[in-house]
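Take a look at the structure set out below.
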2 protein chains.
Amino acid sequence: MKNRLKVLRAERNWTQNDLAQALEVSRQTVNAIETGKFDPSLPLAFKAARLFQLPIEDIFSDQED
Amino acid sequence: MKNRLKVLRAERNWTQNDLAQALEVSRQTVNAIETGKFDPSLPLAFKAARLFQLPIEDIFSDQED
DNA sequence: AATTTATGTCAAGCACATTTGACATAAAGT
DNA sequence: ACTTTATGTCAAATGTGCTTGACATAAATT
C-alpha cells in the first residue's frame, strides 16, 4: 500500500506529529504508515480523507511500493 | 461504518459466499462486515472497490448505522 | 558547542481483523 | 417430508493496527 501522506504533509509544512494529532493517532502510527510498516485501518483512512478533503484513493493506492 | 455490500450483492444475485470468494476472504468475514461486527481492512476495502468498480466511499461510509 | 526538533525504530501489550470449524434456523428446491 | 442453500452466530487461534515508552541520529535553532 503506497500513500501520499508525506507529500500532503510537506505541502502544509506539517510534521508527523502535527498529522498524528490531526488524525488522533500516535506519531509512531503516522511514521509506520508513511514508511510502509503497515496499512491504516479503514476508519483511519476515512479520517485522513476527511482531513485532506480528498478521496481515499487519492491518498492511498492499493499497489505495493 | 455502514456499507452497501448487501445491496451490491443483491443487484448481482450473489450469496455471501460468492462475494467472499470474489474477495478471497471467508464467508464469515463477509457476514461480519455486512452485519456491522467489524470494519474491513483498507486492503479489503480496496478489493471490494475494484470488484464493484466503485470508489471506496460509494461502498463504505464513515458513519455508524 | 549545546539544545531542541523531526524522524526512524524497537519492544511489549491491548484491540481488532480474519481464519477454521461448528451449530442453528429459515427458506427454497426436490 | 427431506435435503440443500443462505444466513447468522460462536469459540479459539493467528496476524496486524495501534498504543506508550524509550532510545538513536540528523538537522535546525540558539
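What you see is a predicted model, and the numbers here were worked out from it, not measured in a lab. Numbered from 1 within each chain, the chains take letters A, B, ... in sequence-line order.
Across A/P55 and A/A49, no two heavy atoms sit closer than the pair C-CB, 4.4 Å. Of all non-hydrogen atoms in B/Q16 and B/E34, the two that sit nearest each other are NE2-OE1, 3.2 Å. Contact detail for A/E57 and B/L54: the closest heavy-atom pair is OE2-O, 4.4 Å. Between B/R4 and B/D58, the shortest heavy-atom contact is NH1-O, 3.3 Å.
With sequence neighbours left out, A/F52 forms a ring-ring contact (aromatic ring centres under 6.0 Å, His included) with A/W14. Applying the side-chain contact (heavy atoms from CB on, under 4.5 Å) rule to A/Q53 yields no partners; only residues at least two apart in sequence or on another chain are considered. By the side-chain contact (heavy atoms from CB on, under 4.5 Å) test, A/Q28 pairs with A/S26, sequence neighbours left out. Scanning for side chain to side chain donor-acceptor pair (under 3.5 Å) contacts around A/K37 gives A/T35, with sequence neighbours left out.
Residues from residues 5-22 of chain B that place a heavy atom under 4.0 Å from any atom of DNA chain C: there are none. Of the residues in residues 45-60 of chain A, not one places a heavy atom less than 4.0 Å from an atom of DNA chain C.
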Can you check each nucleotide of nucleotides 22-30 of chain C against protein heavy atoms at under 4.0 Å and return B for base, S for sugar-phosphate only, - for none, in 5' to 3' order? B--------

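Distance check: A/L51 CG to A/I59 CD1 gives 7.5 Å after rounding to the nearest 0.5 Å. A distance of 10.0 Å separates CD1 of B/I56 from CG of B/L44, quoted to the nearest 0.5 Å. Distance OG1/B/T29 to CG/B/L23: 10.0 Å, rounded to 0.5 Å.
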Please list each protein N or O that sits under 3.5 Å from an N or O in nucleotides 27-30 of chain D, with the distance.
none

Which protein N or O atoms sit under 3.5 Å from an N or O of nucleotides 13-18 of chain D?
from	atom 1	to	atom 2	distance (Å)
D/dG17	O5'	A/D39	O	3.4
D/dC18	OP1	A/S41	N	3.2
D/dC18	OP1	A/S41	OG	2.6
D/dC18	OP2	A/S41	N	3.3

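A donor-acceptor pair is defined here as one N or O able to donate and one able to accept, closer than 3.5 Å; no such pair exists between the side chain of B/D39 and the backbone of A/P43.
Between the axis at the start and the axis at the end of the helix from C/dA1-D/dT30 to C/dT30-D/dA1 there is an angle of 40°, using five pairs per end and rounding to 10 degrees.
Within the structure, the side chain to side chain donor-acceptor pair (under 3.5 Å) test picks out the following pairs touching residues 40-51 of chain B (sequence neighbours left out): A/D62-B/R50, B/E24-B/K47. Screening residues 19-49 of chain B for ring-ring contact (aromatic ring centres under 6.0 Å, His included), with sequence neighbours left out, gives no hits.
Among B/D18, B/T15, B/N17, B/L19, the single residue meeting the side-chain contact (heavy atoms from CB on, under 4.5 Å) criterion with B/R27 is B/N17.
Between A/N31 and the phosphate of C/dG8, there is a side-chain N or O to OP1/OP2 separation shorter than 4.0 Å.
Contact check for A/V25 versus A/I33: no side-chain heavy atoms found under the 4.5 Å cut-off.
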